[in-house]
Amino acid sequence: MNILLNGAPHEIADDLCLADLIAQLDLIGQRFAVEVNAELVPRSRFAECHLISGDRVEIIQAVGGG
Amino acid sequence: MSSSSSTDSLVIAGRTYRSRLLVGTGKYKDMDETARAIDASGAEIVTIAVRRTNIGQNNDEPNILDVLPPERYTILPNTAGCYDVDTAVRTCRLARELLDGHNLVKLEVLGDEKTLFPDVMATLKAAEILVKDDFQVMVYTNDDPIVARELEALGCVAVMPLAAPIGSGLGIRNPLNIRTIVENAKVPILVDAGVGTASDAAVAMELGCDGVLMNTAIAAAKNPVLMASAMRKAIEAGREAFLAGRMPAKRFASASSPIEGLFF
């Protein structure tokens, strides 16, 4: 199935949870935060957050800014 | 230095800072220059932005938080680029999660790409939501004393009027309004945006501001590290001049040498 990951189409296996996606993207150990469909998902809930087709996932990080 | 100025510190949301210069971390050539400029500025509070991660790219590139570790600096995430209440509130919630519950944020809700002036109505609404959601809000606003008073009444921990448009370097365009905002306020007032060079920073402090937040004035200087050092000194000089209390300005001369004892 397809989700929208940081604005771009991204194919994932059915019934994937957010924790699996983070592992697949090789982001474990990095500092980031995640929204699904414009709602913050705290790290503690990654494993219970099951993705469905069409979900809009945003993964954000800190960058330089004023 | 007198004891009063050596113990003079800035308190924001219950935390005490020695430096009254807050700096942004954007527009630098690279992470190394960012780190060196911020070190030279002496700033203890640094702003960051939150943006999409580059999925699958540049995983080895250092992150801004590796260069400016939250253990050493107070990280102030901003809502730059937000033009409505919803995106500003979402950005703050993401930033709080990113920083393990750290709830100090710089709220800016912009109204127009050409001027980057704040959308004051949206800023007020977002501030109210964020304060209720336990954020400590330092808020970018225009130099309107009535709006500044309203933002303080909503519970913002600091109010940050612009001196001139963001990134313009035009200096303090409306010193009288800045002074009025300072005189009305019980929370720290910081000039945010518009400073172009060291004398602008000194003027802001002489007006009684509690601090100045700047980015482009340092990052866009020919030598950012040297300008960061200049800004540090200007902020300190302006603050000491404010505390010292300037002489009254007079239209005509007043001789500095005594009249008495003239021998001719």
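Just so we're on the same page: letters track the sequence lines, and every chain starts at 1. Since this is a predicted model, take the numbers as computed values, not measurements.
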Quick one: side chains of residues 79-87 of chain B, donor-acceptor pairs under 3.5 Å with protein atoms, not counting sequence neighbours, listed by atom name and distance.
residue, atom, partner, partner atom, Å
B/Thr79, OG1, B/Glu108, N, 2.7
B/Thr79, OG1, B/Glu108, O, 2.6
B/Asp84, OD1, B/Asp86, N, 3.1
B/Asp84, OD1, B/Thr87, N, 2.8
B/Asp84, OD1, B/Thr87, OG1, 3.1
B/Asp84, OD2, B/Thr87, OG1, 3.3
B/Thr87, OG1, B/Asp84, O, 3.2

Which atom pairs, donor and acceptor, lie under 3.5 Å between side-chain atoms of residues 218-228 of chain B and protein residues at least two apart or in another chain?
residue, atom, partner, partner atom, Å
B/Asn223, OD1, B/Val225, N, 3.3
B/Asn223, OD1, B/Leu226, N, 3.0

Next item on the list: Find the distance between CD1 (B/Ile181) and CG (B/Asn142) and round it off to the nearest 0.5 Å.
Entry: 7.5 Å

Notebook entry, point to check: With a 4.5 Å limit on heavy-atom distance, are the side chains of B/Phe135 and B/Ile129 in contact?
Noted result: no

Next item on the list: Check each atom of A/Glu35 against the heavy atoms of chain B and say whether the ones under 4.5 Å are side chain, backbone, both or neither.
Entry: both

Check: Tell me, side chain or backbone of B/Ile166 under 4.5 Å from chain A's heavy atoms, or both, or neither?
Finding: neither

Notebook entry, point to check: Looking at B/Thr25, B/Leu22, B/Asn215, which one has more heavy-atom pairs under 4.5 Å with chain A than the rest?
Noted result: B/Thr25

Next item on the list: Hey, could you give me the CD1/CD1 distance between B/Ile12 and B/Ile45, rounded to the nearest 0.5 Å?
Entry: 4.0 Å

Notebook entry, point to check: Among B/Ala95, B/Gly24, B/Gly26, which residue forms the greatest number of heavy-atom pairs with chain A at distances under 4.5 Å?
Noted result: B/Gly26

Next item on the list: Answer with side chain, backbone, both or neither: which region of A/Ala38 has an atom nearer than 4.5 Å to a non-hydrogen atom of chain B?
Entry: both

Check: For residues 190-204 of chain B, which residue pairs qualify under side-chain hydrogen bond (donor to acceptor under 3.5 Å, both in side chains), counting only residues two or more places apart or in two chains?
Finding: B/Lys106-B/Asp192

Check: Do you know which of A/Glu39, A/His10, A/Glu58, A/Arg31 has the most heavy-atom pairs under 4.5 Å to chain B?
Finding: A/Arg31

Next item on the list: Give a yes or no answer on whether the side chain of B/Ser168 reaches the backbone of B/Gly194 with a donor-acceptor pair at less than 3.5 Å.
Entry: no

Next item on the list: Given side-chain contact (heavy atoms from CB on, under 4.5 Å), test A/Arg43 with B/Asp100 step by step and report yes or no.
Entry: CA-CA 10 Å; A/Arg43 255 162 285 178; B/Asp100 306 318; 3.1 Å; yes

Margin query: Within the 4.5 Å heavy-atom criterion, are A/Ile22 and A/Ile28 side-chain neighbours or not?
Written below: yes

Next item on the list: Examine whether an atom of A/Ile59 lies under 4.5 Å from a heavy atom of chain B, and if so say whether it belongs to the side chain, the backbone or both; otherwise answer neither.
Entry: both

Checklist line | Residues from residues 63-74 of chain B approaching chain A under 4.5 Å (heavy atoms) | finding: B/Asn63, B/Ile64, B/Leu65, B/Pro70

Next item on the list: For the pair B/Arg93 and B/Asp133, find out whether any cationic side-chain nitrogen is under 4.0 Å from an anionic carboxylate oxygen.
Entry: yes

Checklist line | Residue B/Thr53 versus chain A: region with a heavy atom under 4.5 Å | finding: both

